[in-house]
Amino acid sequence: MTGAYTAVGTGFTPPDVDWAPLAPVLLVLGAGVAGVLVEAFVPQRLRRPVQLVLALAATAGALVAVAALWAGVRDTGGTVVLGGSMILDGPALVLQGMVALLALVALLVVADRGQNGEDAFAPQAAAVPGSQYERTATEQGLAQTEVYPLVLFASGGMMIFPAAGDLLTMFVALEVLSLPLYILSGLGRRHRLWSQEAAMKYFLLGAFTSAIFLFGVALLYGFAGSVRLSVIAEATATTVGLDPLLLGGVVMVAIGLLFKVGAVPFHAWTPDVYQGAPTPITGFMAACTKVAAFGALLRLVYVVVPAVEWDLRPVLWAVVILTIAVGTLASLAQQDMKRILGYSAIAHTGFILTGVVALDVDGVSGVLFYLLAYGAAVIGAFAVVTLVRSVDAQGRVTGEATHLNQWAGLGRRSPWLAGAFCLFMLSFAGIPLTAGFIGKFAVFTAAVDGGATPLAVAGVVGSAVAVFFYIRIVMVLFFSSRSPEADRVHGAVTVVRSEGLTTVAIGLAVVATIGLGVLPSPVLDLVGEAARFIP
Amino acid sequence: MNLSNYLVLASVLFAIGATTVLLRRNAIIVFMGVELMLNATNLVLVTFARQHGDLSGQVMAFFVMVVAAAEVVVGLAIIVQIFRTRRSASVDDVNLLKS
């Protein structure tokens, strides 16, 4: 027996890890860890610049690493690393690049400070709102610079999520991206009760659905004897009839992912969290969480679901149609800008889902393009929201002016800002020559090709209704004027001067929205080449 | 030894946890429901690991415990913060955000 133990002891072979394909993820997570050390060792005054440079360098570095890996993945189709836990194939790499790019732009908005040097986050998140402690922290000009590492950790999780080769990795990635987001949602400087409420709702519902996701994982493990997606896919091929473990597992895992993308009936958190969370974080999670969660959903749907497609089809179709209907109709009734964008995010989830459910290679590339187009516009739109602020009776700039009436006539006072916002609205609406049009066209075409014509019809009808309220916003901005009445009820409104980072972010979003709309073919070719999953 | 007994027990625990989340008002109790769901899942994982004669299910249970611990840290921080602000941890009291 001793001999056997010795043999085991000396026979240990270190696992052979191919580090290069992991570089984008490692850069971002490594910078997150370094950011925690910065909090501990760098003097307070220097923390913000150091953290900002670190975060921007990490996301830009991840983008460069993705670009460097691209040629290899295009030629070989991708690699499987960490013994199958992560799969770096075309879609995974493109999604990682998109998360890194969108996180980079979102970080600019996160980092920006207004005229009085105040960012969007509470000076001390632990201080009770309205307390003396909070006032002192504000006067001292404290800042919660932990925001940057938290954003990096969330981004790291989002980059692992679509590349997960087994369901355990997917679950851990889901938590790594969610936990920082729960905290970030609760860090708002103004409307702190809203912000904390958003964090609590997001957390309780998120924890609930990730438990459901995990139970689904356990059922699939029972079904296939492994949580590796490829093994589950093989097991589905040899299954005769309907295995309750398989169906139950797939449904519960899908619930977890549909919650993250905000599909009806798992959407209840979306408007509340979008409204309550600090606006730069809302932009970050609206863009990046959607990219990551749709990436994971695509992998699940394309690798595992084909075997049970006929059983799930009615359910998935119902989810898509309901999502489009609820998203568009509910946003018509909203008056708060962040809530409008929240419901519009639900509607867009529905539009993107038509491409996912299509089960067609064009569907994958259409979804990838749509995610990029939507991500760019949504970060830009929320960045604009951060700049439009209320003014109190003493003339001090306070929180964001989110009521629709407060935006009336903005186009006359700040034509550039309002023009950019209108461009994002037109892209959401899918007007030609904007990125949103190409994205909608791509997913709806894929839905028709994949035999899901009713979904494409629902999508087109939903888009038509959505145009109505996006145009309503454009009308409010440019063709209505502010009444003294509205000023008295909601307070006066101003556009703050910031340090300029938000302007850069809005500029990038405008360039992306127009560029992808006018000259989409390079990006369409790129995502077309990337659209093959390795099982 | 009939392994399906363990699966039935786990499903019952999971259902109790889910019901707790949906019905109880106190955020702490709701959160305990989530933890019960996670632990029910651990039981399922370990049972299937035994059934398949495969260790990975047991390893996964450890991963789940670690994740659950991390979730507790974040969740209790948020709930305590809300309690300090409002002197209440009832999920019905947090109702400022609405259409």
Side-chain angles (χ1 to χ4, degrees), chain A residues 125-131 166-169 171-172 174-176 178-180 182-183 185-186 191-194 196-208 210-212 214-219 221-228 245 271-273 275-276 330 333-336 339 343, chain B residues 3 7 10-11 14 17-18 20-22 27 30-31 33-49 51-54 56-57 59-61 63-64 66-68 70-86 89 91 93-99:
Chain A
V128 174
S131 64
D166 64 49
L167 290 168
L168 180 65
T169 311
F171 172 69
V172 173
L174 173 71
E175 292 295 327
V176 171
S178 300
L179 293 177
Y182 301 148
I183 304 174
S185 320
H191 300 304
R192 287 195 62 196
L193 291 184
W194 290 6
Q196 292 179 353
E197 180 177 332
M200 172 136 128
K201 285 179 171 169
Y202 196 15
F203 169 74
L204 287 178
L205 291 174
F208 181 53
S210 58
I212 293 176
L214 188 67
F215 200 79
V217 172
L219 293 184
Y221 174 63
F223 164 75
S226 167
V227 283
R228 191 126 310 157
L245 288 179
D272 284 358
V273 175
Q275 187 186 358
Q334 302 304 317
Q335 294 294 321
D336 183 282
R339 263 190 115 71
Y343 276 106
Chain B
L3 286 174
L7 295 179
S11 308
F14 187 83
T20 309
V21 172
L22 295 175
V30 170
F31 190 38
V34 172
E35 293 297 310
L36 188 57
M37 291 166 78
L38 291 176
N39 284 316
T41 313
N42 276 345
L43 187 54
V44 177
L45 285 171
V46 172
T47 309
F48 279 134
Q51 190 178 336
H52 290 299
D54 173 46
S56 60
V59 176
M60 277 189 272
F63 273 88
V64 174
V66 172
V67 167
E71 220 169 59
V72 168
V73 172
V74 169
L76 283 185
I78 293 171
I79 295 170
V80 166
Q81 186 62 11
I82 292 226
F83 178 77
R84 285 180 16 174
T85 307
R86 301 170 185 256
V91 290
D93 289 347
V94 284
N95 56 2
L96 295 171
L97 292 167
K98 54 182 113 173
S99 306

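In what follows, every heavy atom counts, from backbone to side chain, and hydrogens, waters and symmetry copies are set aside. Throughout, a chain's letter reflects where its sequence line sits, starting with A, and its residues are numbered from 1.
Looking at B/V80, neither its backbone nor its side chain comes within 4.5 Å of chain A, counting heavy atoms on both sides. If you measure heavy-atom distances from A/L205 to chain B, you find no contacts under 4.5 Å at all. Of the atoms belonging to A/L245, it is side-chain heavy atoms, and not backbone ones, that fall under 4.5 Å from chain B. B/L22 touches chain A through its side chain: at least one heavy atom from C-beta onward sits under 4.5 Å away, while N, CA, C and O do not. Only the backbone of A/A125 has a heavy atom closer than 4.5 Å to any heavy atom of chain B. With a 4.5 angstrom heavy-atom cutoff, A/V227 touches chain B only via side-chain atoms.
Taking A/G222, A/G276, A/P180 one by one and counting their heavy-atom pairs under 4.5 Å with chain B, the maximum is reached by A/G222. Between chain A and the residues B/A77, B/A49, B/A70, the most heavy-atom pairs under 4.5 angstrom are made by B/A49. Listed options A/A127, A/S185, A/S210 were ranked by heavy-atom pairs under 4.5 angstrom with chain B; first place goes to A/A127. The greatest number of non-hydrogen atom pairs below 4.5 Å with chain B, out of A/L193, A/V273, A/V172, is found for A/L193. Annotation: maximal heavy-atom pairing with chain A below 4.5 Å, among B/V64, B/V67, B/L38, occurs at B/V67. Contact tally against chain A (heavy-atom pairs below 4.5 Å) for B/T47, B/V44, B/V66: the top residue is B/V44. For the set A/H191, A/M200, A/R192, the entry with the most heavy-atom pairs within less than 4.5 Å of chain B is A/M200.
With values rounded to the nearest 0.5 angstrom, A/I183 atom CD1 is found 12.0 Å from B/Q81 atom CD. The CD1 atom of B/I82 lies 11.5 Å from the CZ atom of A/F203; values are rounded to the nearest 0.5 Å. One distance of note links CZ of A/F215 with CG of B/N42; it measures 11.0 Å at 0.5 Å rounding. Distance check, rounded to the nearest 0.5 Å: CZ of B/F14 to CG of A/L214 gives 8.5 Å.
For the salt bridge (charged side-chain N to carboxylate O under 4.0 Å, His left out) test, residues two or more places apart in sequence or in another chain that qualify with A/E197 are A/K201, B/R86.
A distance-only check finds no donor-acceptor pair linking the side chain of B/E71 to the backbone of A/E175 [under 3.5 Å]. Without hydrogens or angle criteria, A/Y182 side chain to B/V74 main chain gives no donor-acceptor distance under 3.5 Å.
Contact detail for B/I78 and A/Q196: the closest heavy-atom pair is CG2-O, 4.5 Å.
Listed by first then second residue, pairs satisfying salt bridge (charged side-chain N to carboxylate O under 4.0 Å, His left out) with a partner in residues 37-46 of chain B number zero, not counting sequence neighbours.
Annotation: side chain of B/D54 is in contact with side chain of A/Y221 (closest heavy-atom distance under 4.5 Å).
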